[in-house]
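Comments concern the structure below.
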Amino acid sequence: QISNCPISGSLMSIWFVNHDTGFIMCGDGTLLKTIDGGTDWLSVYTMPTTLWSSIRFVSDLQGIAIGNHRIARTFNGGQSWLFTEFNEFYHINNVCYFNKDTLLIIGQMLYDPVVQCLSSFDAGCLMLKIIIGGLSWYELDTMFIMEGFKTIKFATEDQGAIGGSSIITTMDGGERWVKRLSLPFGDRIQSIDFATPHTGIAVGDQGNFYRTTDYGQCWSAVSNVPLIDYYKVCFASKDIGYAAGYKMLLKTTDAGITWQEIPLNFKPNSIDFITTEIGYMVGDNGLLKKTTNGGLNWITIQLPTDDPLLAVDFYDEQIGYVAGGIHSITSIILKTTDGGLTWTDEYIPTMYPITDICFSSSTKAYACAWSQFLFENVNAGGITGQNNNAEDHAIKVSLSPNPSSQTPYLNITISHQTNLKVEVYSSNGCLLQTIRLGEHLPGEYSFPINIANLGQGIYYYRVVTPTQALSKKLIVIRP
């Protein structure tokens, strides 16, 4: 955990414009900035009270911050901001830069001004475009007032598509939009990607799967795919692409004309392809799969965890991370330096799951967790925490027997004098026991854990010191 980071609220968004300069938007409107690659962070501005959710920069000086019904623009690296207020019933969902001068915002209207009542979340839309440097926003094509937008993708600076309850496209940088396809009531497009400017794929729930070959003017249903929910589509090249769905991965080698089904025994939470041949998928129960032949065959890689994995990112074919955890119970980051053959558990001082992880360079990576945690990896090594001597102060923990039907013993080895506490949680995160063990000198200790009142099932025990916490699984069996 980065200790010299003046956090004042939940971390909502992080954006690096280069190796050294980055920004963090806190939920309470505090803007943090680093100019030394994340070593030091300073609070450079405090936004007006609202829920701020996202920040993006197109240069060291020029950026935009997104709130519930408000946006802010800066042209001097966050020192001062220009604010634009929208109707309080507008909800901004996403933004997309055409280029450094032009920005498109999409969102929804949560209020029907005609009947003066709250609408369902997907009842209306908001689509706005601004030329950066101008002082006003204007709505685009209000004929789409009843559309619910979910995703946006631009193939070129002028050509783009928006998906939701319909697909609409533009060929002039967003000046004019045309509805190309309407979906059945209740269905939504979740992801759009283009293999080339003229060829694209749109996927969504309820088996919605469409292809265009004329720059998005016409979208035809792809019939030779399973009728499942689809979450993500991406192209690794102009011909090779992947679509991730419920317990299924589809692959195309002809820009979406045909798709090969690759059944999965789990729902992928995240996917990352390093090349068109090498890719990884992660899911619940600590599952990691790797392909080295473009997804034709997948091997399961055994990891030292069975916690849900939520993120995967590789810098190259050798160095990568997977991360995840269970909210309020465990967090985990695993690292490989040999292309996934072996993995090491990185120490990280939080009980919150890691939700995203990415490389900012070949020697530095960042990870985000729930609540107020931002973590940094230096020299592609371990996570450095509040204690710079984390390795020297690490604790070693094991439980025996495990699984257990009687009293198990918790074995703890500590290398420095510290205060110990043990917590036992249910599988859904409820705190069941707190055992305060007090101050202990360096050495090896064994403590009984009372499981008499625990039914058969999976639990988690968490050993806590003033500088770190370590969580592992406890399995209770009954005759």
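Listed by first and then second residue, the salt bridge (Lys or Arg N to Asp or Glu O under 4.0 Å) pairs involving residues 192-204 are K153-D193 (not counting sequence neighbours).
In the displayed structure, K232 atom NZ is contacted under 6.0 Å by at most 12 heavy atoms of other residues, nucleotides or ligands. Counting non-hydrogen atoms of neighbouring residues, nucleotides and ligands closer than 6.0 angstrom, the CD1 atom of I35 reaches no more than 12 such neighbours.
Between V322 and L303, some side-chain heavy-atom pair lies under the 4.5 Å cut-off. Taking 4.5 Å as the limit, every side-chain heavy atom of S165 sits out of range of all side-chain heavy atoms of D187. With a 4.5 Å cut-off on side-chain heavy atoms, I301 and Y280 count as touching. Between V222 and Y210 the shortest side-chain heavy-atom distance does not fall below 4.5 Å. Counting only heavy atoms from C-beta outward, the side chains of I189 and L183 approach each other to under 4.5 Å. Using a 4.5 Å cut-off on side-chain heavy atoms (C-beta onward), R180 and C218 make no contact. Under the 4.5 Å side-chain criterion, counting only non-hydrogen atoms from C-beta, M25 is in contact with M47.
The OH atom of Y45 sits 14.0 Å away from atom CZ of F23, with the distance rounded to the nearest 0.5 Å. Here the NZ atom belonging to K238 is positioned 10.0 Å from the OG1 atom belonging to T199, to the nearest 0.5 angstrom. Here I14 contributes atom CD1 and R56 contributes atom CZ; the two are 14.0 Å apart, rounded to the nearest 0.5 Å. Taken to the nearest 0.5 Å, the CD1 atom of I64 stands 10.0 Å off from the CD1 atom of I55. Rounded to the nearest 0.5 angstrom, F57 CZ and W15 CH2 are separated by 10.5 Å. Here the straight-line distance linking atom CG of L287 with atom OG1 of T300 works out to 6.5 Å at 0.5 Å rounding.
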Side chain to side chain contact (heavy atoms under 4.5 Å, CB included) for I167 and I162? Distances and angles first, verdict last. CA-CA 6 Å; I167 297 177; I162 294 176; over 6 Å; no
If you apply the rule side chain to side chain contact (heavy atoms under 4.5 Å, CB included), what do you find for R188 with Q206, and how did you get there? CA-CA 8 Å; R188 293 291 183 270; Q206 304 296 319; over 6 Å; no
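Contacts of T336 classified as side-chain hydrogen bond (donor to acceptor under 3.5 Å, both in side chains), with partners at least two apart in sequence or in another chain: D338. Every residue two or more places apart in sequence or in another chain was checked for a side-chain hydrogen bond (donor to acceptor under 3.5 Å, both in side chains) with Y230, and none qualifies. Taking the side chain to side chain contact (heavy atoms under 4.5 Å, CB included) definition, one finds that T275 meets it with E277, I278, E317, sequence neighbours left out. With sequence neighbours left out, the salt bridge (Lys or Arg N to Asp or Glu O under 4.0 Å) criterion links D205 to no other residue. Here N293 pairs with T291, N297 under the side-chain hydrogen bond (donor to acceptor under 3.5 Å, both in side chains) rule; sequence neighbours left out. Under the ring pair (Phe, Tyr, Trp, His ring centres under 6.0 Å) criterion, W298 pairs with no residue, sequence neighbours left out. Residues passing the side-chain hydrogen bond (donor to acceptor under 3.5 Å, both in side chains) test with S237, sequence neighbours excluded: none. Residues satisfying the side chain to side chain contact (heavy atoms under 4.5 Å, CB included) criterion with T212, sequence neighbours excluded, are F194, D214, W219. Applying the ring pair (Phe, Tyr, Trp, His ring centres under 6.0 Å) test to F273 and every residue at least two apart in sequence or in another chain returns Y242. With sequence neighbours left out, the ring pair (Phe, Tyr, Trp, His ring centres under 6.0 Å) criterion links Y215 to H198.
Residue K33 comes nearest to G77 through the heavy atom pair NZ-O, 3.4 Å, listed as atom of the first residue, atom of the second, then distance. The shortest non-hydrogen separation linking F16 to D20 is CE2-O, 4.3 Å. Considering every non-hydrogen atom in both S166 and S182, the closest pair reads CB-CA, 4.0 Å. Residues D284 and P308 share a closest heavy-atom pair of OD1-CB, 3.7 Å. Across G245 and P268, no two heavy atoms sit closer than the pair O-CD, 3.6 Å. Nearest heavy-atom pair, G216 versus T169, reported as atom, atom and distance to 0.1 Å: O-CG2, 3.3 Å.
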Enumerate donor-acceptor pairs with a distance under 3.5 Å from any side-chain N or O in residues 246-253 to protein atoms, sequence neighbours excluded.
from : atom 1 : to   : atom 2 : distance (Å)
K251 : NZ     : G294 : O      : 2.6
T252 : OG1    : D254 : N      : 3.3
T252 : OG1    : D254 : OD1    : 2.8
T252 : OG1    : G256 : N      : 2.8
T252 : OG1    : T258 : O      : 3.0

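T337 places no side-chain N or O within donor-acceptor distance of the main-chain N or O of I319, the cut-off being under 3.5 Å. The closest donor-acceptor contact from the side chain of N269 to the backbone of V282 lies at 3.5 Å or more, if one exists at all. At least one donor-acceptor pair under 3.5 Å links the side chain of Q159 to the backbone N or O of P197. The backbone N or O of V233 sits less than 3.5 Å from a side-chain atom of S191, completing a donor-acceptor pair. Side chain of D272 to main chain of F314: a donor-acceptor pair is present (N/O by atom type, distance under 3.5 Å, no hydrogens or angles). Distance alone, capped at 3.5 Å, is enough to place a donor-acceptor pair between the K290 side chain and the G339 backbone. Between the R211 side chain and the A202 main chain, no donor and acceptor come within less than 3.5 Å of each other. Formation of a donor-acceptor pair under 3.5 Å by the T74 side chain with backbone atoms of S80 is found in this model.
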